[in-house]
Amino acid sequence: QLQLVESGGGLVQPGGSLRLSCEVSEVDYYITGWFRRAPGKEREGVSCIGSSTKYADSVMGRFSMSRDNAKGTVYLQMNSLKPEDTGVYYCAVEKGPYTASCTLLSEVYDYWGRGTQVTVSS
């Protein structure tokens with residue numbers, strides 16, 4: 001069973017930064033993504049990486065996603081955080097070629113971590 005474990009969440013002030021990490025139990029090339037669920041809202045795609053990275057409009061220019069291919073660890077660098085970024089952040093894996101394009105649609109992802117809480121508040 002492929003396992004994903006997120007870390008790096010916490011409480012930050014608006015305008016602050018966090019770096020989330022996702023440790024993947026299998027070192028391999030997969031399409032990976034970050035998703036979040038804000039209080040009282042549906043889960044939404046934040047970013048993904050395959051042949052290239054994609055970002056939700058709401059985080060464009062503020063977040064960046066990367067992957068350490070040797071370790072199978074994916075990262076989400078979150079800058080200029082806003083209160084509306086608050087939520088539980090999940091990493092996910094879609095079994096597919098890393099060189100293929102990715103999607104921010106959560107239903108296509110096969111494996112999920114349990115999430116890490118990000119709270120942006122003064």
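Predicted, not measured: the structure shown is a model, and the values here were computed from it.
From Tyr111, atom OH reaches atom CD of Gln3 across 11.0 Å, with rounding to the nearest 0.5 Å. Once rounded to the nearest 0.5 Å, the distance linking CZ of Phe63 with CG of Leu20 reads 8.0 Å. The CD atom of Glu42 lies 8.5 Å from the OG atom of Ser106; values are rounded to the nearest 0.5 Å.
Here the side chain of Lys82 pairs no donor or acceptor atom with the backbone of Gly15 at under 3.5 angstrom. In this structure a side-chain-to-backbone donor-acceptor pair under 3.5 Å is present from Thr86 to Val120.
Listed by chain and number, the residues in a side chain to side chain contact (heavy atoms under 4.5 Å, CB included) with Ser122 are Pro14 (sequence neighbours excluded). Evaluation of the side chain to side chain contact (heavy atoms under 4.5 Å, CB included) rule for Ser66 yields Tyr75 as partners, not counting sequence neighbours. Every residue two or more places apart in sequence or in another chain that forms a salt bridge (Lys or Arg N to Asp or Glu O under 4.0 Å) with Arg62 is listed here: Asp85. Applying the side chain to side chain contact (heavy atoms under 4.5 Å, CB included) criterion to Ala100, with sequence neighbours excluded, gives Ile31, Pro97. For the salt bridge (Lys or Arg N to Asp or Glu O under 4.0 Å) test, residues two or more places apart in sequence or in another chain that qualify with Glu44 are Arg36. With sequence neighbours left out, the ring-ring contact (aromatic ring centres under 6.0 Å, His included) criterion links Phe35 to Tyr109, Trp112.
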Tell me, with the steps shown, if Thr32 and Cys48 meet side chain to side chain contact (heavy atoms under 4.5 Å, CB included).
CA-CA 6 Å; Thr32 56; Cys48 64; over 6 Å; no
Between Val24 and Leu2, is a side chain to side chain contact (heavy atoms under 4.5 Å, CB included) present by the stated rule, with each step listed?
CA-CA 7 Å; Val24 184; Leu2 190 148; 4.0 Å; yes
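Met65 has its side chain within reach of Tyr55: a pair of non-hydrogen atoms, C-beta onward, lies under 4.5 Å apart. Counting heavy atoms from C-beta on, the side chains of Trp34 and Glu6 come closer than 4.5 Å. Taking 4.5 Å as the limit, some side-chain heavy atom of Leu81 sits within range of a side-chain heavy atom of Leu18.
Each of Thr53, Leu76, Val74 was compared with Ser47 under the side chain to side chain contact (heavy atoms under 4.5 Å, CB included) criterion, and only Leu76 meets it.
Remark: the Arg37 side chain and the Tyr89 side chain contain no N/O donor-acceptor pair separated by less than 3.5 Å. For the residue pair Gln117 / Thr119, a side-chain donor-acceptor distance below 3.5 Å is found, with atom types taken as modelled.
Ser21 approaches Thr73 most closely through the heavy-atom pair CB-CG2, 4.5 Å. Across Gly87 and Pro39, no two heavy atoms sit closer than the pair CA-CD, 4.4 Å. Looking at every heavy atom in both residues, Gly115 comes nearest to Val88 through CA-CG1, 3.8 Å. Annotation for Val118 and Met78: closest pair CG1-CE, 4.1 Å, computed over non-hydrogen atoms. The shortest heavy-atom contact between Asn79 and Ser17 is OD1-OG, 2.9 Å.
Around the CZ atom of Arg114, the shell of radius 6.0 Å holds no more than 12 heavy atoms that belong to other residues, nucleotides or ligands.
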